[in-house]
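When reading the values below, keep in mind they use all heavy atoms of this one structure, side chains included, and skip hydrogens, waters and symmetry mates.
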Amino acid sequence: MNIVKFVFNPLEENTFVVWDETLEAIIIDAGNSNTEENERLAAFIDEQGLKPVMAVNTHGHFDHILGVQFLKERYGVKFAMSSKDEYLLGMMSENFAYFCSGTTLPAPEIDIDIEHQPSIEFGNTELKIIRTPGHTPGGVCLYHQPSKQMFTGDTLFRESIGRSDLPGGDYHSLMHSILNKLINLGDEVTIYPGHAEKSSIGHESLYNPFVVEAINGEINF
């Protein structure tokens, strides 16, 4: 499985292009927000000869969705996201204007509701869907078990965690998701978060202050 990261929009969001030997590809959390970013992403896809089949989102916050409509129109991909985060799509344009001083953008419609799906597939690759509510109600992580690589969106960052004070967020649910669904996957799992640099479960178990205090029973989440 091949992974290339792009950093897009003023919130420095991580967009991942993922493909395998079949050249079928998915784009995870497409945050491209303007013509320059759109063309940079498309140029890479076209130069590599990739065949995008799906835009998949770990959650519904605007900075992770800004490029989905572009991908739907350019490549005819389906948009996959949990319907539990559908309410956030209605806030996308307003949030983009407020945080990024951008113009109005159309919110994409969900084509594939992954809320009850066990996995997503493209080419010869399967990514397990791990439901991790807390940052948003419909937040998920996408786990490639054979290579022990996982896309964590805004659930788990390098030495930090996602915010739980935004509408729909819940700290108890977030920590439950991290401790009971992610940490027990094993230290060797590499994580690719929605912002900043990649990490590993092992690193987060030792150096992430939110995780460490929970593991040590210093907080009651």
Side-chain angles (χ1 to χ4, degrees), residues 5 7-16 27-31 55-68 79-92 94-96 98-100 107-108 110 113-117 120 127-143 149-185 189-201 203-205 208-215 219-221:
K5 181 182 79 171
V7 180
F8 287 142
N9 71 59
L11 275 68
E12 299 185 335
E13 179 269 350
N14 293 338
T15 293
F16 296 99
I27 295 85
I28 297 175
D29 290 349
V56 186
N57 266 70
T58 59
H59 65 292
H61 281 148
F62 82 99
D63 53 320
H64 294 252
I65 290 179
L66 293 168
V68 170
F79 175 36
M81 189 179 79
S82 169
S83 57
K84 285 190 174 182
D85 278 4
E86 188 171 15
Y87 73 99
L88 291 167
L89 298 179
M91 306 177 189
M92 187 184 85
E94 179 182 350
N95 285 333
F96 180 51
Y98 179 79
F99 287 100
C100 305
I110 297 174
D113 182 4
I114 63 174
E115 178 57 33
H116 300 293
Q117 290 191 192
I120 60 169
L127 298 181
K128 180 181 178 182
I129 297 172
I130 302 175
R131 269 157 277 283
T132 53
H135 181 60
T136 66
V140 302
C141 294
L142 303 170
Y143 181 41
Q149 298 181 99
M150 181 165 55
F151 302 93
T152 57
D154 286 4
T155 295
L156 181 63
F157 299 125
R158 181 178 179 86
E159 299 182 11
S160 190
I161 61 174
R163 292 178 62 174
S164 58
D165 60 336
L166 300 172
D170 180 77
Y171 177 75
H172 175 89
S173 297
L174 180 63
M175 293 309 300
H176 182 274
S177 294
I178 293 170
L179 269 292
N180 295 328
K181 296 183 179 181
L182 303 186
I183 297 301
N184 60 9
L185 292 174
V189 174
T190 300
I191 67 168
Y192 296 87
H195 299 271
E197 298 304 314
K198 68 180 182 179
S199 185
S200 69
I201 293 297
H203 182 91
E204 299 315 302
S205 297
N208 188 314
F210 300 95
V211 174
V212 170
E213 67 181 359
I215 290 176
I219 58 168
N220 180 11
F221 66 88

Got a sec, which residues hit side chain to side chain contact (heavy atoms under 4.5 Å, CB included) with A80, two or more places apart in sequence or on another chain?
-> M54, V56, I112, I114
Of all heavy-atom pairs linking P209 and E159, the shortest is CD-O, 3.6 Å
Not counting sequence neighbours, which residues clear side-chain hydrogen bond (donor to acceptor under 3.5 Å, both in side chains) with E213? List them please.
-> none
Between the CZ atom in F210 and the CZ atom in F157, the distance rounded to the nearest 0.5 Å is 10.5 Å
Which pair of non-hydrogen atoms, one from S82 and one from G138, has the smallest distance, and what is that distance?
-> CB-O, 3.4 Å
Look only at the side chain of S83 and the backbone of E86, and say whether a donor-acceptor pair between them is shorter than 3.5 Å.
-> no
Would you mind reporting whether T58 and T155 have side-chain heavy atoms less than 4.5 Å apart?
-> no
Please report the shortest heavy-atom distance between I27 and A30, naming the atom on each side.
-> CG2-CB, 3.8 Å
Can you name the residues that form a salt bridge (Lys or Arg N to Asp or Glu O under 4.0 Å) with K181, not counting sequence neighbours?
-> none
Partners of E12 by side chain to side chain contact (heavy atoms under 4.5 Å, CB included), sequence neighbours excluded?
-> V7
For N57, what residues pass the side-chain hydrogen bond (donor to acceptor under 3.5 Å, both in side chains) criterion, not counting sequence neighbours?
-> D29
Sequence neighbours excluded, which residues qualify as side chain to side chain contact (heavy atoms under 4.5 Å, CB included) partners of P137?
-> K84, D85, Y87
Rounded distance (nearest 0.5 Å) linking atom CG of L127 with atom CD1 of I120 | 4.5 Å
Between the side chain of T15 and the main-chain N/O of G31, is any donor-acceptor distance below 3.5 Å?
-> yes
Distance in Å, T190 OG1 paired with I201 CD1, rounded so as to fall on 0.5 Å steps = 9.0 Å
Residues that Y143 engages under side-chain hydrogen bond (donor to acceptor under 3.5 Å, both in side chains), provided they are two or more places apart = none
Within a strict 4.5 Å, meaning less than it, do heavy atoms of the H59 and D154 side chains meet?
-> yes
For the residue pair N180 and N184, what are the closest heavy atoms and their distance?
-> O-ND2, 2.9 Å
Backbone N or O of G169 within a donor-acceptor pair of the H135 side chain at under 3.5 Å?
-> no
When rounded to the nearest 0.5 angstrom, what is the spacing between CG in L156 and CE in M175?
-> 9.0 Å
Separation of I110 CD1 from I65 CD1 (nearest 0.5 Å) | 7.5 Å
Pairwise side-chain contact, L66 with F62, heavy-atom cut-off 4.5 Å (strictly under) | yes
Taking the side chain as every heavy atom from C-beta outward, state whether S199 and P193 have any atom pair closer than 4.5 Å.
-> no
Could you tell me whether a side-chain N or O of R131 sits under 3.5 Å from a main-chain N or O of E115, the two making a donor and an acceptor?
-> yes
Restricting to pairs with a member in residues 164-175, which pass salt bridge (Lys or Arg N to Asp or Glu O under 4.0 Å), not counting sequence neighbours?
-> R163-D165
S200 side chain to H203 main-chain N or O, any donor-acceptor pair under 3.5 Å?
-> yes
Excluding sequence neighbours, so at least two apart, what forms side-chain hydrogen bond (donor to acceptor under 3.5 Å, both in side chains) with N208?
-> E204
With a 4.5 Å heavy-atom cut-off, do L89 and M81 have their side chains touching?
-> yes
Answer whether the closest heavy-atom distance between the side chains of H195 and D63 falls below 4.5 Å.
-> yes
Audit row: E197, K5, salt bridge (Lys or Arg N to Asp or Glu O under 4.0 Å) steps and yes/no | CA-CA 10 Å; E197 298 304 314; K5 181 182 79 171; 3.6 Å; yes
Do the non-hydrogen side-chain atoms of T132 and I178 ever get within less than 4.5 Å of each other?
-> no
side-chain contact (heavy atoms from CB on, under 4.5 Å) between L142 and K128, worked out | CA-CA 6 Å; L142 303 170; K128 180 181 178 182; over 6 Å; no
Side-chain contact, heavy-atom cut-off 4.5 Å: V212 with S205?
-> no
Which pair of non-hydrogen atoms, one from P133 and one from S177, has the smallest distance, and what is that distance?
-> O-OG, 2.8 Å
Excluding sequence neighbours, so at least two apart, what forms ring pair (Phe, Tyr, Trp, His ring centres under 6.0 Å) with Y192?
-> F16, F151
